[in-house]
Amino acid sequence: MARYNFKENERKWQEIWEDRGCFQVSEDKDRPKYYVLEMFPYPSGRIHMGHVRNYTLGDVVARFKKAMGFNVLHPMGWDAFGLPAENAAIENKVPPAEWTRENIATMRRQLKTMGLSYDWTRELATCEPGYYRHEQKMFLDFLKNDLVYRKESWVNWDPVENTVLANEQVIDGRGWRSGALVEKRQLSQWFLKITDYAQELLEGIDQLGRWPDRVRLMQENWIGRSEGAHVHFTLDGRDDKLEIYTTRPDTLFGASFCAVAANHPLAQELAAGNSALTDFIAECNRMGTSEAAIETAEKKGFDTGLRAVHPFIDGRTLPVYVANFVLMDYGSGAIFGCPAHDQRDLDFARKYDLPVLPVVAPKGADAASVMIEDEAFTDDGLLINSDFLDGLGVAEAKSRVIDRLEDMGIGTRAVNYRLRDWGVSRQRYWGCPIPIIHCGDCGIVPVPEQDLPVELPAEVDFSGAGNPLDKHPTWKHVDCPKCGKPATRETDTFDTFFESSWYFARFCAPQSEQPLDRAAVDYWLPVDQYIGGIEHAVLHLLYSRFFTRALKKCGYLSVEEPFAGLLTQGMVCHQTFKDADGKWLFPSQVALDGNDAKHVETGAPVVAGRSEKMSKSKKNVVDPEAIIDAYGADTARLFMLSDSPPDRDLEWTDAGVDGAWRYLNRLWRLVTENTAPIAAVDMAKPDTIGSAAEDVLKAVHKTIDGVSQDLEKFHFNKAVARIRELTNAVEGLKETGPDAEWVRRQGLEALTLMVAPMTPHLAEALWHELGHDGSLVADTAWPTADAAYLVDDTVTVAV
RNA sequence: GCGGGCGUGGUGAAAUUGGUAAACACAAGGGACUUAAAAUCCCUCGGCCUUUCGGCCUUGUCGGUUCAAGUCCGACCGCCCGCACCA
């Protein structure tokens with residue numbers, strides 16, 4: 001029985017696409033553009049199934065849109081800076097650049113076997129000076145446009161590795177690699193003013209109609225807008241005031257203390273002559289930031305002895321504490337505590353025996369009977385014990401009290417955001433050098449544009465701790481561009497999220513001498529459809545949204561939102577296996593027989609565990625290259641699309657792969673075994689069509705209609721199901737005669753064109769078998785459904 | 001704690017705005033072909049009752065709205081995800 005030769009065909013059609021430059025594009029004002037982009041990979045070494053899923057999804061969209069007549073930009077590149085390259089350098093003594101470039105070569109070769117419709121002429125790697133020099137220029141522009149500043153800030157410091165760690169790299173209060181307890185340290189860092197755009201970024205979310213609600217909500221929460229008031233408390237016996245931030249100014253009459261953060265200037269000042277307070281502040285700074293540490297940490301405070309004067313109650317003063325639960329970088333780093341209506345304040349008040357006065361009563365409750373025990377009352381209610389606020393609801397009381405504070409000149413309405421400015425300095429070698437020179441006389445001096453790029457030195461020493469750039473014998477020593485005296489380069493590099501914040505724009509004109517080619521970005525941006533993992537829901541996707549606005553401010557482009565549509569794909573999962581000693585086993589080491597799992601070689605019993613995201617550590621991985629080798633790219637692609645919707649997790653099973661492979665062969669046989677009698681490409685439509693054939697013809701057009709809609713909505717699994725149904729229908733058409741043959745041909749051509757976005761190599765082979773010698777499916781328009789065949793003769797009505 | 005999502009056969013799933021639940025597959029069982037196997041093809045495949053015809057039940061649980069509920073509303077149970085001392 002004829003089998004589809006995937007090896008020969010996949011190679012053949014990939015070469016033809018490449019030779020003809022099928023997927024190379026340029027700006028074309030006469031055609032609608034469509035920019036589809038998958039999140040570019042970090043070149044870790046080899047592609048994994050997550051990549052296969054991501055790029056398959058993108059390729060289906062790209063090929064479908066191309067067939068629909070769009071001018072499709074579909075590029076690929078490499079997010080090439082990052083920590084693993086440095087680890088490899090330390091472990092294997094390979095320079096990061098070399099390691100990275102080798103990985104890129106391997107992964108490019110692997111990706112090319114997938115038959116993806118990329119315009120490879122646009123490929124870029126962020127670790128190349130040709131890319132990051134533009135990033136350095138952008139940073140200088142950000143500096144000019146007041147989007148960057150340098151400040152001392154508290155960072156996660158790993159004392160063993162001598163470097164800053166990102167929050168994500170701190171796991172349960174310890175360095176993710178060294179396991180050392182992470183300390184808080186103050187360090188001079190570069191920051192991008194993302195908070196300037198907090199409101200814009202928040203409002204922009206509403207425009208992102210083609211983003212998943214989940215991601216929009218996560219960004220909204222991350223930005224974390226809150227409305228409240230700043231209140232200035234007079235400090236008894238001092239001239240300065242204590243500014244606090246509150247979202248509950250309505251509860252001011254229930255205030256029983258004030259508290260400031262350990263790093264609040266007031267605390268620092270008072271600690272100068274007070275060793276007990278100094279010790280307390282140190283203790284606060286040592287406190288872990290992990291979830292567990294925060295959950296179990298007791299609310300602790302240190303009475304400074306200062307007393308704050310209550311703004312409304314004559315003669316009432318409030319003790320001012322330094323407290324471990326007050327954060328310096330939110331609001332003003334100081335609060336007033338109203339124990340009756342805030343749980344933390346209540347815990348604190350119970351510990352230090354402070355008054356608990358209820359000022360909000362549940363609606364309908366008798367004011368005199370309101371008692372606070374262990375739980376603060378935080379719901380809406382009516383104000384009590386609050387002078388001019390008594391009887392008001394919470395919302396109205398807030399407004400009324402702020403009006404009064406403003407009249408008195410001691411408070412203002414205020415909006416606060418949880419979002420912090422983006423610290424971009426990293427004490428790392430394998431990143432983009434920050435183009436700054438530190439001069440003893442001139443201070444901070446930007447590297448002049450004509451001196452860009454500041455290139456990373458190739459020869460570096462990775463032995464010992466700390467940043468190799470800092471230890472390099474010559475690299476950092478330069479003359480000050482301003483005064484000419486000996487000075488030093490900034491040895492920090494950018495956070496690697498910097499590169500991924502603008503690569504989508506660089507793809508529009510990757511060879512341009514300018515960072516961005518204005519005509520190209522104006523034509524292609526925004527990205528019409530972006531596809532990637534949900535893990536970037538906040539960081540990368542928020543940074544990119546900010547970056548785009550910053551680039552607009554600097555005159556580089558005119559859009560504000562980089563990604564008009566977003567599809568977040570689910571994870572690729574696989575069952576896990578362990579041997580009797582509890583060691584993880586690769587699926588390829590396990591033989592399954594029903595529910596019985598055994599080791600392939602030893603026959604020893606194997607414990608089958610739950611299905612989880614494929615990960616190297618649990619060994620539940622299947623190598624894409626092995627699958628492509630054994631079944632071909634089309635099989636892998638079809639399987640990825642068949643059973644699960646793209647945003648849901650996908651369970652990788654051998655049986656499912658077999659099923660996809662069987663389908664390809666079925667379609668191959670259906671076409672090749674039918675081509676002889678229906679080979680004429682220009683066969684004319686017969687005048688009469690028998691009823692069996694007509695049913696199939698209707699199915700053809702209904703399928704075209706349904707699949708088109710499914711692909712438009714990314715319901716790939718449904719599209720596959722429809723295509724299989726039509727395959728069954730065409731296969732079931734046993735009639736002969738010109739009408740049946742004509743309909744059969746309609747069916748086979750439609751099937752060929754409709755499977756093309758999913759299994760493009762097979763589609764080209766089928767197209768060729770059907771007699772289309774001169775044309776490629778890749779250049780052929782999507783079939784159109786004839787409305788005449790979409791209506792049923794009978795309609796079923798349920799009563 | 002706060003916010004969000006999900007729950008349908010043995011499995012992945014489908015069911016357009018409320019309108020024949022389980023399409024399309026996977027797995028399983030049976031059969032055909034074969035010396036045998038692979039491949040392929042055919043049949044069965046949510047549960048209960050029934051020889052057949054057919055009947056009754058079934059979308060986590062309980063209740064509600066409706067001529068009609070997997071879908072809408074309320075409560076509960078379970079699982080998953082995000083954020084978290086944010087004043």
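Below, read A as the first sequence line, B as the second, and so on, with proteins coming before strands; counting in each chain starts at 1. Source: prediction; values computed, not measured.
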**Q** Do nucleotides 28-34 of chain B as a string where each nucleotide becomes B, S or -: B if the base has a protein heavy atom under 4.0 Å, S if just the sugar-phosphate does, - if no protein is that close.
**A** -------

**Q** What residues, two or more places apart in sequence or in another chain, satisfy salt bridge (charged side-chain N to carboxylate O under 4.0 Å, His left out) together with A:E735?
**A**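 Not a single residue meets the salt bridge (charged side-chain N to carboxylate O under 4.0 Å, His left out) criterion with A:E735.
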
**Q** Need the pair for B:C41. Rule: Watson-Crick or G-U wobble, both distances under 3.5 Å, any strand; none if unpaired.
**A**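 Paired with B:G31.
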
**Q** What is the distance from CD of A:E673 to P of B:U40, rounded to the nearest Å?
**A**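 After rounding, the gap between these two atoms is 12 Å.
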
**Q** Examine B:A23: is either OP1 or OP2 under 4.0 Å from a nitrogen or oxygen in the side chain of A:N717? Give yes or no.
**A**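 No, no such contact exists.
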
**Q** Expressed as a whole number of angstroms, how long is the span from A:L641:CG to B:C26:C1'?
**A**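 It works out to 17 Å between those atoms.
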
**Q** Checking A:H701 now: which residues fulfil ring pair (Phe, Tyr, Trp, His ring centres under 6.0 Å) with it, not counting sequence neighbours?
**A**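 Result, ring pair (Phe, Tyr, Trp, His ring centres under 6.0 Å) vs A:H701: A:Y789.
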
**Q** Using both distances under 3.5 Å as the test, list the Watson-Crick or G-U wobble partner of B:G7, or none.
**A**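 Pairing partner: B:C77.
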
**Q** Would you please confirm or rule out a distance under 4.0 Å between OP1 or OP2 of B:U16 and any side-chain N or O of A:K718?
**A**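 No, outside the criterion.
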
**Q** Write down the distance between CE (A:M218) and P (B:A84), rounded to a whole number of angstrom.
**A**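 Taking CE of A:M218 and P of B:A84, I get 10 Å after rounding.
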
**Q** When we call it a touch if two heavy atoms are under 4.0 Å apart, what does A:R722 touch: a base, just sugar-phosphate, or nothing?
**A**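 Nothing: the residue A:R722, judged by heavy atoms under 4.0 Å, touches no strand.
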
**Q** Between the main-chain N or O of A:R3 and the side-chain N or O of A:N665, is there a donor-acceptor pair closer than 3.5 Å?
**A**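 No, because the side chain of A:N665 does not come within donor-acceptor range (under 3.5 Å) of the backbone of A:R3.
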
**Q** Quick check: does any side chain N or O of A:R420 sit under 3.5 Å from a backbone N or O of A:I194, one acting as donor and the other as acceptor?
**A**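 Pair absent, no side-chain N/O of A:R420 close to backbone of A:I194.
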
**Q** Using a 4.0 Å heavy-atom cut-off, does A:E651 contact any base of the nucleic acid, only the sugar-phosphate backbone, or nothing at all?
**A**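 It contacts nothing in the nucleic acid.
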
**Q** Does B:C80 have OP1 or OP2 sitting under 4.0 Å from an N or O in the side chain of A:R648?
**A**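 No, outside the criterion.
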
**Q** Checking understanding here: a glycosidic angle within 90° of 0 is syn, the rest anti, so what is B:G64?
**A**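 Classified anti.
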
**Q** When you check the gap from the basic side-chain N to the acidic O, do A:E227 and A:R225 get nearer than 4.0 Å?
**A**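 Looking at A:R225 together with A:E227, the answer is yes, because their closest N to O distance falls below 4.0 Å.
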
**Q** To the nearest angstrom, how far is A:D658 atom CG from B:A39 atom C1'?
**A**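 The answer, rounded to whole Å, is 12 Å.
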
**Q** Only one of A:D705, A:T703, A:T727, A:D710 forms a side-chain hydrogen bond (donor to acceptor under 3.5 Å, both in side chains) with A:R722, so which one is it?
**A**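 Answer after filtering A:D705, A:T703, A:T727, A:D710: A:D710.
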
**Q** Anything under 30° is parallel, anything over 60° is perpendicular, the rest tilted; go ahead and classify A:F233 against A:F336.
**A**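 Correct class here is tilted.
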
**Q** Within the structure shown, what part of the strands sits under 4.0 Å from A:L327 by heavy-atom distance: base, sugar-phosphate, or nothing?
**A**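 Counting heavy atoms under 4.0 Å across all strands, the contact made by A:L327 includes a base.
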
**Q** Just N and O in the side chain of A:R662: are any of them under 4.0 Å from OP1 or OP2 of B:A27?
**A**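 So the side chain of A:R662 is within the cut-off, an N or O lying under 4.0 Å from OP1 or OP2 of B:A27.
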
**Q** Regarding B:C86, can its base be found pairing with the side chain of A:R420 as donor and acceptor, where the two atoms are less than 3.5 Å apart?
**A**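 Such a pair exists between side chain and base.
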
**Q** Report yes if a side-chain nitrogen or oxygen of A:Y330 is closer than 4.0 Å to either non-bridging phosphate oxygen (OP1 or OP2) of B:A87; otherwise report no.
**A**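 It does, given that an N or O in the side chain of A:Y330 lies less than 4.0 Å from OP1 or OP2 of B:A87.
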
**Q** Give one of base, sugar-phosphate or nothing for A:R418, where a contact means two heavy atoms less than 4.0 Å apart.
**A**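 Base: the residue A:R418, judged by heavy atoms under 4.0 Å, touches a nucleobase.
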
**Q** Looking across every strand, which nucleic acid part, if any, lies under 4.0 Å from A:D329 by heavy atom: base, sugar-phosphate, or nothing?
**A**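 No contact.
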
**Q** Looking at A:K299 and B:C85, is any side-chain donor or acceptor paired with a base atom of the opposite kind under 3.5 Å?
**A**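 Indeed, a donor on one side and an acceptor on the other fall under 3.5 Å apart.
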
**Q** Checking all strands, does A:R344 fall into the base, sugar-phosphate, or nothing category for heavy-atom contacts under 4.0 angstrom?
**A**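 A:R344: base contact, heavy atoms under 4.0 Å.
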
**Q** Under 4.0 Å, counting only non-hydrogen atoms across every strand here, what does A:V326 touch: a base, just sugar-phosphate, or nothing?
**A**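 Answer is base: heavy atoms of A:V326 come under 4.0 Å of a base.
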
**Q** For A:T247, which contact category applies under a 4.0 Å heavy-atom criterion: base, sugar-phosphate, or nothing?
**A**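 Counting heavy atoms under 4.0 Å across all strands, the contact made by A:T247 is with sugar-phosphate only.
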
**Q** Any sub-3.5 Å donor-acceptor pair from A:R418's side-chain atoms to A:W222's backbone N or O?
**A**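 Yes; at least one donor-acceptor contact below 3.5 Å.
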
